[in-house]
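Worksheet: the structure to be examined is printed underneath.
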Amino acid sequence: MKFLRDTWLVFQRQMQLLLRNPVWVIVGIIQPMFFLLLFAPLMKKALSGGAPMTDEQAYGIFVPGMLVMVALFSAFSGFGIIAELRAGVIERNRVTPVSRVALLLGRSLRDVVQLLFQAVLVTLLAVPFGLRVGIGDALLAYVLVALMTLLLSSAGYALGLTLRSEDAMAPVLNTVTQPIMLLAGIFLPLTLAPAWLQNVAKGNPFKWATDGVRALFAGDPGNDAVWQALLVLTPLTALTLFIASRTFAKSVR
C-alpha cells in the first residue's frame with residue numbers, strides 16, 4: 001500500500017512539473033502534423049506500386065508506425081534524470097522515506113501519460129486525412145504503445161543513472177535507436193524488404209509491436225500479430241522495470 005501511495009505522490013509531482021511547461025503540448029501537435037502533411041503522401045505513392053491505394057489504407061499503415069516511433073523516443077527520458085542528478089534532486093530524494101522503486105515508476109508513468117496524449121492527438125489529427133479506426137481497436141493499440149513507453153522510459157532512466165553524462169548518453173542512444181527504428185518497419189512495412197532483412201528484424205521486439213499496432217488499426221484485433229506483440233512486450237517490460245528499479249535503488253541509496 002505504501003508503495004502505491006509513494007508511486008502516486010511521485011507521479012503527481014512529475015505531472016505538475018510537466019504541466020507547468022506547455023512546450024511539450026505544442027511540440028506534440030507540430031511534429032505529427034509535419035509527418036502527416038509532408039511524409040505520408042509520399043509513402044502513399046511509394047506503397048501503391050502502380051495500384052491505387054486509398055487514404056485510409058495509407059494512413060492505416062503510416063500512423064501506427066508513427067506511434068511506435070514516438071514511443072521509441074521515450075528512451076531519451078534519461079537526459080532528464082541526468083539533469084536532476086546535476087541539480088541535486090536525486091540527492092534530496094535520498095533523505096526521503098519514499099520507495100526507491102516508486103521514484104522510478106512515478107516518473108515512467110508520467111512519460112506514459114505524456115505519450116498517450118500524443119498518441120491520441122496523432123490519431124485525431126490523422127482522421128481528416130482519411131484514417132479510420134475503431135475505438136476499441138485504438139484503445140488496445142494504445143495499450144501496446146503504453147507498454148513500449150514504460151519499457152523504454154525505465155531503460156532510459158537506468159541508462160542515464162549509469163552513464164551520468166549527456167555527452168556519453170547521446171551517441172549510445174543514437175547508435176541503439178536507429179537500427180531499432182529501421183528494423184521495426186516504422187515507415188515502410190518489412191514485407192517489402194528482402195528475406196534476410198525480415199529474418200534479422202524478427203529479433204527486434206518493436207517489429208512485433210509495430211505489426212500488432214498496424215493489425216489493430218486495420219480493424220483486425222484477432223490477428224496473431226496482436227497477441228504476439230503482447231507476449232513479447234509484457235515480460236520484456238517487466239524485466240526492464242526490474243533491472244531499472246535496481247539501478248535506481250543503488251543510485252538513490
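Treat the numbers as computed from the prediction; the structure is a model and nothing was measured. These values consider heavy atoms only, across backbone and side chains, with no hydrogens, waters or symmetry-generated copies.
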Would you check, one step at a time, whether the test side chain to side chain contact (heavy atoms under 4.5 Å, CB included) holds for L131 with L125? CA-CA 9 Å; L131 177 69; L125 288 173; over 6 Å; no
How many angstroms lie between CG in D111 and OG1 in T149, if you round to the nearest 0.5 Å? 8.0 Å
Evaluate side chain to side chain contact (heavy atoms under 4.5 Å, CB included) for R164 paired with I82, printing each intermediate quantity in order. CA-CA 6 Å; R164 295 174 176 257; I82 293 174; 5.6 Å; no
Separation between CZ (R13) and CH2 (W8), nearest 0.5 Å, reads 15.0 Å
Is there a donor-acceptor contact under 3.5 Å from the side chain of W208 to the main chain of K202? yes
Applying side-chain contact (heavy atoms from CB on, under 4.5 Å) to P235 and not counting sequence neighbours gives none
What heavy-atom pair brings V232 and P205 nearest, and what distance separates the two atoms? CG1-CB, 3.6 Å
Does a side-chain N-to-carboxylate-O contact under 4.0 Å join D211 and K207? yes
Would you say the side chain of L183 lies within less than 4.5 Å of the side chain of F206, judging by non-hydrogen atoms? no
Check: R132 side chain, V127 main-chain N or O, donor-acceptor pair, under 3.5 Å: yes
Residue set satisfying side-chain contact (heavy atoms from CB on, under 4.5 Å) with A138, at least two apart, ordered chain then number -> V133, Y142
Q16 and R110: CA distance, side-chain angles, deciding distance, side chain to side chain contact (heavy atoms under 4.5 Å, CB included) verdict: CA-CA 10 Å; Q16 288 173 359; R110 184 274 314 272; over 6 Å; no
Interatomic spacing from CG in L144 to CG in L233 - rounded to 0.5 Å: 6.5 Å
Check whether any side-chain heavy atom of L72 sits under 4.5 Å from a side-chain heavy atom of M148, and report yes or no. no
Hits for side-chain contact (heavy atoms from CB on, under 4.5 Å) against T7, two or more places apart or cross-chain, chain-then-number order -> F3, A102, L105, L109
Any donor and acceptor pair, going by atom type alone, linking the side chain of D220 with main-chain N or O of A215 inside 3.5 Å? no
Any idea how F73 and F76 line up, ring-wise: parallel (<30°), tilted (30 to 60°), or perpendicular (>60°)? tilted
